[in-house]
Q: 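Pasting in a structure now, in structure tokens, and then I'll have a few things to ask.
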Amino acid sequence: MSYDPENIFAKILRDEIPATKVYEDGQTLVFMDIMPRADGHCLVIPKTPCRNLLDAGADQLASVMLTTQRMARAVMAAFDAGGVTIQQFNEGPGGQEVFHLHFHVLPRHEGVALRPPGQMAEAEVIAAHAEKIRAALEDIPR
Ligand code: AMP
């Protein structure tokens, strides 16, 4: 399977469609999931093209994992969470819907289930959650 440069995350990377961005560095971008399954649900992507874990290069994997770790720490601090779930899906049968590599970062609280998929959140709520994560990131070392 080849990379489709018209996928929605590629359009976010090219600023062709809006996203609520929370962090970026030279190799990676983090933005809020528009259908958050937990408060603070965000997505980590490489800035360079690859479909998923199966075709990613070593540099893409290394940079995305480092950013994912940083975001895991940040969302736990921002939401006073007791844990964090990382999800990543590969190809349609593996549950992937957007074909640009991404890691879900989901802060978790004891006894609180993830919300069902496919439920849009209010833009103002997502913006407020993004701001909490940005503030927490200031105390997370690179
Ligand atoms: P999956 O490929 O199964 O990991 O799912 C793709 C994820 O991307 C889902 O959690 C969607 O809610 C999320 N998503 C889809 N479109 C957008 C978008 N424009 N901005 C932010 N998140 C999105």
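All values below were derived from every heavy atom in this structure, side-chain atoms included, with hydrogens, water molecules and symmetry-related copies excluded. Throughout, residue positions are numbered sequentially from 1 according to the sequence presented. Numbering of ligands and ligand atoms starts at 1, following listing order.
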Q: Return the set of residues passing side chain to side chain donor-acceptor pair (under 3.5 Å) with Arg51 (not counting sequence neighbours), or none when no residue passes.
A: Glu91
Q: So does Asp15 pair up with Lys21, basic N to acidic O under 4.0 Å?
A: yes
Q: State, with a plain yes or no, whether a side-chain heavy atom of Arg70 is found less than 4.5 Å away from one of Leu137.
A: yes
Q: Against Asp39, only a single residue in Arg108, Arg115, Lys132 fulfils salt bridge (charged side-chain N to carboxylate O under 4.0 Å, His left out); can you say which?
A: Arg115
Q: Taking any residue with a non-hydrogen atom under 4.0 angstrom from an atom of ligand 1, which ones do you get?
A: Ile8, Phe9, Ile12, Phe31, Met32, Asp33, Ile34, Met35, Leu43, Phe89, Gly95, Gln96, Glu97, Val98, His102, His104
Q: Assess the residue pair Thr48 and Gln27 against the criterion (side-chain hydrogen bond (donor to acceptor under 3.5 Å, both in side chains)); give the C-alpha distance rounded to whole Å, side-chain angles, the decisive distance to 0.1 Å, and a yes or no.
A: CA-CA 7 Å; Thr48 49; Gln27 290 78 42; over 6 Å; no
Q: Backbone N or O of Asp4 within a donor-acceptor pair of the His100 side chain at under 3.5 Å?
A: no
